[in-house]
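For reference, the structure discussed in these notes is given below.
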Amino acid sequence: MTPATLNSTGVQLLDSLEAAGLTGRGGAAFPSAVKLRALTRRRTGVIVNACDGELGAVKDGWVVANHRDDLLRGATIVGRLARGQVSFAAHRGSATEERLRRAGVDTLDVPGRYVSSEESSLINFAEGGLARPMTKRPLYIQGGRDSTGRRIPPTVVLNAETVWRIAQIAEHGPEWFRRYGTAAEPGPRLASVGGYVGRPVVIETQAGVPIGDLLAAAHTRSDAEYVLINGLGGAFAPIVAITSSPWSREGLARFDARLGPGIIEVLDPRRCPLDIVGDLLSYASGESAGQCGPCMFGVPELSALWQQFVRSPSARHRRALEVNLGLLPGRGGCKFPDGVAGVARSALAVFSDHIAEHAAGRCRYAARRSS
Amino acid sequence: MSSGMRAEEIVPLQIDRMACTGHGVCAQILPRNLTLDAHGYPILLDALVDPDDGDTAIRMCPARALYWKGS
């Protein structure tokens, strides 16, 4: 249902986006046409998220650096539909923030913390609050009150790559867009590959390509064994098992991973992966916004239980870990604890052989370090 | 909105996790639906709560953290 206030250009654009099958490139993959149709119902503020908030994310900064004019054009298109103010969000002190300021656009300087660039955090920050998530009691695209009763005007957050794609679809049409990717996950999309590689890259790619091609493009070192897909909200996978799999929902489902924000971090094979997970969970403990009890106590507890478990993988320590992991999902105002629990669960599955090694009092990585 | 609600219109109870400060009153009023974790924060076992008990819990929550979905 399209409101009467929308002119024919707006109607045409929404139809194009729907035909193109564009989905949000920030990670949630929500259909963009549905989101944009909703924001035409009332005057809505727009925040273009170029924070690259996930671990290892660099693509939105890449869009700002390399496709600034298309991005600004996309933002103008969305702003016209929303009839509200458009601002851009980037991490404070980042090169991306500097580039946006030089472009003369309204820029939110978001503190560089993990949850600061979560959708409701950005809206909170734009409204003069702290860059921390808000309970989604109302849908902020419609506006409403937060937990403290503060009125939040209708606001929509769109990922920077998504806004760039909107400009491309407006210019080249949905048929052009669908020439890339698969029927289920159409269109060109960016992937970032970094970590234990010769050349960290942002790749202009598409769903369906073999994951090995993405790893090769970054000159992934031949002794690499594992990757982390999509950071703290993602999952681990052994390279040998995924290299010929397609970069797609089906290709990644086996590892409980999704295309998400398109990040592949290659792990350093000279370090024990269980220690790498320990570092991630320790980092996560410090990144809880400390607003919801189950997260502010549960995530540091997970980190401590993980250390205990990998030092001595007994059935008792495993049970304690499982209880904690069972209590993290669905009990926060945002999905941060869900994501962290997912990463830890994935590590338990993918590194199960190595956990058995630890249980037998060995660690082949410790041997590698000393040799 | 819950008063006079018919059974087939039953709305799930929700917890505003950011508002919740772990007083645990809800678990006293709704022992069949809610329990507390080791830190005192509620674990929602069944969100389909008796409407009258749910209203009581919403009214009694010191943090005003309980609400009917959509309200």
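Computed from a predicted model, the values in this text were never measured in an experiment.
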About how many Å separate OG of A:Ser285 and CG of A:Leu302, when rounded to the nearest 0.5 Å?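 It comes to 7.0 Å.
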Distance check, rounded to the nearest 0.5 Å: B:Asp53 atom CG versus B:Met60 atom CE?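 Reported value, rounded in 0.5 Å steps: 12.0 Å.
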Any donor-acceptor pair under 3.5 Å linking the side-chain atoms of A:Asp256 with those of A:Ser346?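 No pair is found: no donor N or O on one side chain lies under 3.5 Å from an acceptor on the other.
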Assess the side chains of A:Asn324 and A:Trp306: does a donor N or O sit below 3.5 Å from an acceptor N or O?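 Absent: no donor and acceptor within the cut-off.
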Indicate yes or no: at least one non-hydrogen side-chain atom of [X] is less than 4.5 angstrom from one of [Y].
X        : Y        : result
A:Leu39  : A:Leu81  : yes
B:Leu13  : B:Asn33  : no
A:Leu36  : A:Leu14  : yes
A:Leu325 : A:Leu348 : yes
A:Tyr114 : A:Leu232 : yes
B:Ile29  : B:Val25  : yes

Where along residues 136-151 of chain A does a heavy atom come under 4.5 Å of chain B, listed by residue number?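 Counting heavy atoms that sit under 4.5 Å from chain B, the residues of residues 136-151 of chain A involved are A:Arg137, A:Ser147.
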Identify which of A:Pro294, A:Cys334, A:Gly293 forms the greatest number of heavy-atom pairs closer than 4.5 Å to chain B.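 If we count pairs closer than 4.5 Å to chain B, A:Gly293 comes out on top.
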Between A:Ala289, A:Cys295, A:Gly330, A:Cys292, which shows the greatest number of heavy-atom pairs under 4.5 Å with chain B?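 Option with the greatest count: A:Cys292.
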One thing to verify: whether A:Glu322 and A:Arg345 come together as a salt bridge, which I'm taking to mean a side-chain N less than 4.0 angstrom from a carboxylate O.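 Here A:Arg345 pairs with A:Glu322 in a salt bridge, since their nearest N and O are under 4.0 Å apart.
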Chain A-proximal positions within residues 34-50 of chain B [heavy-atom distance under 4.5 Å]: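 Heavy-atom contacts from residues 34-50 of chain B to chain A are B:Asp37, B:His39, B:Tyr41, B:Pro42, B:Ile43.
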Between B:Gln14, B:Arg64, B:Arg17, which shows the greatest number of heavy-atom pairs under 4.5 Å with chain A?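 Winner by heavy-atom pair count: B:Arg17.
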